[in-house]
*Asks:* 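This is the structure, below, for whatever I ask next.
Quick note: numbers below take in every heavy atom, side chains included, and nothing from hydrogens, waters or symmetry partners.
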Amino acid sequence: MNAPARKGASGGGRGPVPALLLVAAGVLAFLISYSVLATVLRGGGGGIAAGVGAGGRDPVVRMPEWMRKAGGARGRRRPFHVALTATDAAYSRWQCRVMYYWYKRMQARPEGADMGGFTRVLHSGKPDGLMDEIPTFVVDPLPAGKDRGYVVLNRPWAFVQWLQKAKIEEEYILMAEPDHIFVKPLPNLAYDNDPAAFPFFYITPSEHEKIIRKYYPEERGPITNVDPIGNSPVIIKKTLLEKIAPTWMNVSLQMKEDQETDKAFGWVLEMYAYAVASALHGVQHILRKDFMIQPPFDKKLGNTFIIHFTYGCDYSLKGVLTYGKIGEWRFDKRSYQDRPPPRNLTLPPPGVPESVVTLVKMVNEATANLPRWDEGL
């Protein structure tokens, strides 16, 4: 027998002693750990437990204040007021009717508790035929020629007037547009002074830094302070929007008057102006990609809340997208500029994505239930 073997054999009578000691040590360690843990959970004692205080569910590192408020907010209703700007043109009217129809449908569901009041902010300066159907607040348009043919420039001016003159009971506001359709109830995605917005892939402040710096100079902060957003959809505290809206209006007008900016930003100029105005007030947004989808490029509904039908949807009869070319089947809001689309639009052919099929079905349901649709109120 070799030496190690002999040592093991000769010490065989002492084997159980170390094992018992290990068991005893383990039990003692458990009792000590349990005692300390119980003290921490009760919030008693000093040190770490005292730092946690009465918030017994807090981890050792205190929960950030914004997260604590967000958690508490989930247990109470935080309604937002839906506001969309519009004109009295037929093109705007039929979209507003469809939008309002689906707002009411989703608001009526149990999950629609955060969806508060609704206002169509009509910046045509006079009432129109939808006053009795949709809650409407009439404001003045910009002075003649001021928008230079860019009617969207009236949007920030409309919000400035509405915020100054209207009585808005809700603490939060959702800025929406006529071509939005709610596909499910929308909760309040904002948290206190952190508004929520949809990030647009075509709003790229960093790629236009030279131009952005005309309105947001370097001393104000990095270009990343300018969010890749527009004003809609955005859920924001009313007090914040009251500060941002006049700046948004002024920056929009300045951008439109600057040839380089106007050429670079084109039809999304007012969106950039809102992003810059927010940054000037030190406001950044929670970016929510699930806020909405934009067919035909977003093919599935997923967990989204809104369909934004800004793009034309053109397909062959085999269900192949023919974007940029009029398809054998199509739905494009621009086809109905002077009249509403007919009831019971033809559904897309097989193979067309879920988002487009859902859009057409929802338009059809709205038009089937809205009175005097064909009259183009």
Side-chain angles (χ1 to χ4, degrees), residues 80-100 103 116-131 133-180 195 197-198 229-257 262 265 267-278 280-281 283 306 308 310 333 337:
F80 54 81
H81 193 100
V82 181
L84 72 156
T85 55
T87 72
D88 60 0
Y91 178 65
S92 177
R93 290 199 307 271
W94 73 257
Q95 292 177 54
C96 288
R97 297 188 76 191
V98 172
M99 196 273 194
Y100 185 59
Y103 152 80
F118 187 103
T119 300
R120 179 181 64 133
V121 185
L122 182 63
H123 54 75
S124 299
K126 60 184 185 300
D128 67 358
L130 293 180
M131 303 297 291
E133 180 177 328
I134 303 176
T136 300
F137 191 92
V138 179
V139 296
D140 293 325
L142 288 167
K146 194 69 175 177
D147 63 11
R148 303 190 180 201
Y150 180 54
V151 68
V152 184
L153 211 59
N154 285 278
R155 182 175 294 153
W157 172 224
F159 270 108
V160 168
Q161 296 175 79
W162 178 63
L163 290 165
Q164 288 177 347
K165 300 176 182 179
K167 181 181 179 182
I168 308 161
E169 295 182 357
E170 294 84 354
E171 187 180 7
Y172 293 86
I173 291 170
L174 164 65
M175 291 187 283
E177 295 182 11
D179 58 356
H180 287 175
F198 176 79
I229 62 172
N231 84 290
S232 177
V234 166
I235 301 178
I236 186 170
K237 223 172 186 179
K238 180 172 60 178
T239 52
L240 283 180
L241 186 56
E242 287 171 341
K243 296 175 182 177
I244 293 172
T247 307
W248 172 28
M249 180 189 70
N250 290 331
V251 172
S252 295
L253 293 171
Q254 291 169 14
M255 285 183 170
K256 190 63 181 175
E257 291 169 359
D262 190 21
F265 292 163
W267 65 276
V268 295
L269 179 148
E270 163 268 341
M271 298 172 69
Y272 272 102
Y274 175 80
V276 168
S278 298
L280 288 170
H281 286 276
V283 175
I306 293 171
H308 181 208
T310 187
K333 66 177 184 178
Q337 301 227 21

*Asks:* Taking only Lys NZ, Arg NE, NH1 and NH2, and the carboxylate oxygens of Asp or Glu, determine whether K237 and E242 approach each other closer than 4.0 Å.
*Replies:* no

*Asks:* Can you name the closest pair of heavy atoms from K333 and W94 and give their distance?
*Replies:*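 Nearest pair, atom of K333 first, then W94: O-CZ2, 3.8 Å.
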
*Asks:* Is any side-chain heavy atom of W162 less than 4.5 Å from a side-chain heavy atom of I173?
*Replies:*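 Yes, side chains in contact.
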
*Asks:* Any chance you could measure Y272, atom OH, to M255, atom CE, to the nearest 0.5 Å?
*Replies:*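 Taking OH in Y272 and CE in M255, the distance rounds to 9.0 Å.
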
*Asks:* What is the minimum heavy-atom distance between F159 and A83, and which atoms define it?
*Replies:*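 Heavy-atom minimum between the residues: CE2-CB, 3.9 Å.
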
*Asks:* Could D128 and R93 be called an ion pair, given the rule that one side-chain N must be under 4.0 Å from one carboxylate O?
*Replies:* no

*Asks:* Is there a side-chain contact between H281 and W248 (heavy atoms, below 4.5 Å)?
*Replies:* no

*Asks:* Are the side chain of N250 and the backbone of T247 linked by a donor-acceptor contact shorter than 3.5 Å?
*Replies:*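 Side chain of N250 to backbone of T247: no pair is present.
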
*Asks:* Atom CD of E177 and atom CD1 of I306: how far apart are they, to the nearest 0.5 Å?
*Replies:*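 So the gap between those two atoms works out to 9.5 Å.
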
*Asks:* Mark yes or no: K256 above the aromatic ring of Y150, with NZ or CZ under 6.0 Å from the six-membered ring centre and no more than 45 degrees from the axis.
*Replies:* yes

*Asks:* Take V152 and L269 through the side-chain contact (heavy atoms from CB on, under 4.5 Å) test and state the conclusion after the steps.
*Replies:* CA-CA 9 Å; V152 184; L269 179 148; over 6 Å; no

*Asks:* If you look at every heavy atom in A166 and F137, which pair is closest and at what distance?
*Replies:*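 Reported closest heavy-atom pair: CB-CE1, 3.8 Å.
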
*Asks:* Can F118 and L84 be said to form a side-chain contact (heavy atoms from CB on, under 4.5 Å), step by step?
*Replies:* CA-CA 8 Å; F118 187 103; L84 72 156; 3.0 Å; yes

*Asks:* Please step through side-chain contact (heavy atoms from CB on, under 4.5 Å) for the pair R155 and S252, ending with a clear verdict.
*Replies:* CA-CA 10 Å; R155 182 175 294 153; S252 295; over 6 Å; no

*Asks:* How far apart are the closest heavy atoms of M99 and H180, and which atoms are they?
*Replies:*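 Looking at all heavy atoms of both residues, the shortest contact is CG-O, 2.8 Å.
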
*Asks:* Is a side-chain donor or acceptor of E270 paired with a backbone partner of P156 at a separation under 3.5 angstrom?
*Replies:* no

*Asks:* Determine the minimum heavy-atom distance between I244 and S278, stating which atoms define it.
*Replies:*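 Looking at all heavy atoms of both residues, the closest pair is CD1-OG, 3.8 Å.
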
*Asks:* Do the non-hydrogen side-chain atoms of Y100 and P135 ever get within less than 4.5 Å of each other?
*Replies:*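 Heavy-atom side-chain distance check passes, below 4.5 Å.
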
*Asks:* Below 4.5 Å, heavy atoms only, C-beta onward: do T119 and H81 meet side chain to side chain?
*Replies:* yes

*Asks:* How long is the straight-line distance from CG of L122 back to CG of L130, given to the nearest 0.5 Å?
*Replies:* 8.5 Å

*Asks:* Does any N or O in the side chain of Q161 come within less than 3.5 Å of the main-chain N or O of D140, such that one atom is a donor and the other an acceptor?
*Replies:* yes

*Asks:* Are any non-hydrogen side-chain atoms of D147 and W157 less than 4.5 angstrom apart?
*Replies:* no

*Asks:* Taking the side chain as every heavy atom from C-beta outward, state whether V139 and H123 have any atom pair closer than 4.5 Å.
*Replies:* yes

*Asks:* Mind checking the CD1-CG spacing from I236 to N231? Nearest 0.5 Å is all I need.
*Replies:* 10.0 Å

*Asks:* Is L241 close to M175 at the side-chain level, that is, under 4.5 Å between some pair of heavy atoms?
*Replies:*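 They are in side-chain contact.
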
*Asks:* Show the nearest heavy-atom pair for residues M131 and R120, with the distance to one decimal.
*Replies:* SD-NH2, 4.0 Å

*Asks:* Taking atom NZ as the centre, does K238 end up with more than 12 heavy-atom neighbours from other residues, nucleotides or ligands that are less than 6.0 angstrom away?
*Replies:*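 Yes, enclosed.
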
*Asks:* Rounded to the nearest 0.5 Å, how far does CZ of F80 lie from CG of L174?
*Replies:*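 Rounded to the nearest 0.5 Å, the CG-CZ separation comes to 5.5 Å.
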
*Asks:* When you compare the side chain of R148 with that of E257, does any pair of heavy atoms fall below 4.5 Å?
*Replies:* yes

